[in-house]
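Residue numbers count from 1 along this sequence.
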Amino acid sequence: MILYIFLIFSLLSSSSYAAVNDFCVADLSGPDGPAGYSCKKPATVSVNDFVYSGLASPGKISSLIKAAVTPAFVDQFPGLNSLGISMARLDLAVGGVVPMHTHPGASEVLLVVQGSICAGFISSANSVYFKTLKKGDIMVFPQGLLHFQINAGGTPALAFVSFSSARPGLQILDFALFANDLPSQIVEMTTFLDDAQVKKLKGVLGGTN
């Protein structure tokens with residue numbers, strides 16, 4: 001029995017056990033597949049792999065949506081690899097909006113730290129849940145559901161977002177419909193929009209056909 005306990009303790013305290021089981025820092029120089037990146041060799045891992053400062057400053061505000069999303073996903077923050085978590089910074093100028101979108105791979109939690117943000121989502125039963133959030137408010141958006149954020153005040157708004165995946169994925173509804181080469185006739189038939197509206201939106205978002 002004493003020998004058995006000693007062997008277990010030796011396994012648990014060995015550096016090889018820690019390197020395999022504690023974390024898997026992404027080797028961003030290697031291939032990226034459905035299961036994520038392969039692990040860096042433990043000898044090359046440093047504390048800097050677990051620290052990211054990219055959310056300290058606002059991103060470049062888009063002139064189209066008057067918003068900026070700055071990600072801290074595995075591609076920017078390799079220490080997140082295999083941990084099932086990530087973050088992002090959301091800056092909304094006055095009148096800014098993050099259009100209807102989904103994250104196919106993650107649920108989302110949004111924390112407002114400045115200004116006010118109208119945020120909401122639509123369930124698969126087409127029920128709508130939205131509210132104007134103030135500083136300190138938190139809202140959750142279930143995985144895969146359409147949701148949005150809009151600056152609801154007269155000053156810039158700031159929020160930090162966390163995800164239940166190191167790479168949550170993103171599909172923006174407007175871009176999915178109008179920023180591609182899907183023939184306008186098909187878009188019109190599936191959205192009930194007229195030809196002029198579809199052509200206008202394709203022109204704004206860079207779509208063709």
If the condition is salt bridge (charged side-chain N to carboxylate O under 4.0 Å, His left out), which residues does [X] pass it with, not counting sequence neighbours?
| X | answer |
| --- | --- |
| K66 | none |
| K202 | none |
| D27 | none |

For residues 128-140, tabulate all N or O donor-acceptor pairs below 3.5 Å that involve a side-chain atom, not counting sequence neighbours.
residue	atom	partner	partner atom	Å
D137	OD2	K134	N	2.7

Practice prompt. Rounded to the nearest 0.5 Å, what's the gap from CG on D194 to OG on S184? Could you check?
Written response: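 If I round to the nearest 0.5 Å, the distance is 11.0 Å.
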
Discussion item. According to side-chain hydrogen bond (donor to acceptor under 3.5 Å, both in side chains), who are the partners of D75, at least two apart in sequence or on a separate chain?
Written reply: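 Scan of D75 (side-chain hydrogen bond (donor to acceptor under 3.5 Å, both in side chains), adjacent residues dropped) gives Y37, R167.
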
Item to complete: List in chain and number order the residues that pass side chain to side chain contact (heavy atoms under 4.5 Å, CB included) with N48, two or more places apart in sequence or in another chain; answer none if no residue qualifies.
Response: S46

Fill in: side chain to side chain contact (heavy atoms under 4.5 Å, CB included) partners of L145, counting only residues at least two apart
F121, P142

Discussion item. Counting C-beta onward and ignoring hydrogens, is there a side-chain heavy-atom pair between S86 and P168 closer than 4.5 Å?
Written reply: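 Result yes, sub-4.5 Å side-chain heavy-atom pair found.
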
Worksheet entry | Side chains of L110 and F141 in contact at under 4.5 Å (non-hydrogen atoms) |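 Contact flag for L110/F141 side chains = yes.
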
Nearest atoms (heavy-atom pairs only) where [X] meets [Y]:
| X | Y | value |
| --- | --- | --- |
| V45 | K40 | CG2-CB, 4.2 Å |
| P71 | V69 | CD-O, 3.5 Å |
| V94 | G153 | CG1-O, 4.2 Å |

Worksheet item: Applying the 4.5 Å side-chain criterion to the ILVMFWY set and letting contacts propagate, would F160 and L170 be lumped into a single cluster?
Response: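 Not linked; separate clusters.
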
Worksheet entry | Residues clustering with I61 (ILVMFWY side chains joined when closer than 4.5 Å, directly or via others) |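 Members other than I61 - counting any ILVMFWY side chain reachable under 4.5 Å - there are none.
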
Please list, one pair per line, the donor and acceptor atoms closer than 3.5 Å that link side chains of residues 173-181 to other protein atoms, with sequence neighbours excluded.
residue	atom	partner	partner atom	Å
N180	OD1	L182	N	2.9
N180	ND2	A176	O	2.5

Item to complete: Would you list the pairs meeting ring pair (Phe, Tyr, Trp, His ring centres under 6.0 Å) in which at least one residue belongs to residues 68-110, sequence neighbours left out?
Response: Y52-F77, F73-F163, H101-H103, H101-H147, H103-H147, H103-F163

Fill in: Pairs involving residues 60-97, ordered by first then second residue, that meet disulfide bond (SG atoms under 2.5 Å apart) (sequence neighbours left out)
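Sorted result for residues 60-97: empty, none.
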
Worksheet item: ring-ring contact (aromatic ring centres under 6.0 Å, His included) with F50: which residues, sequence neighbours excluded?
Response: F23

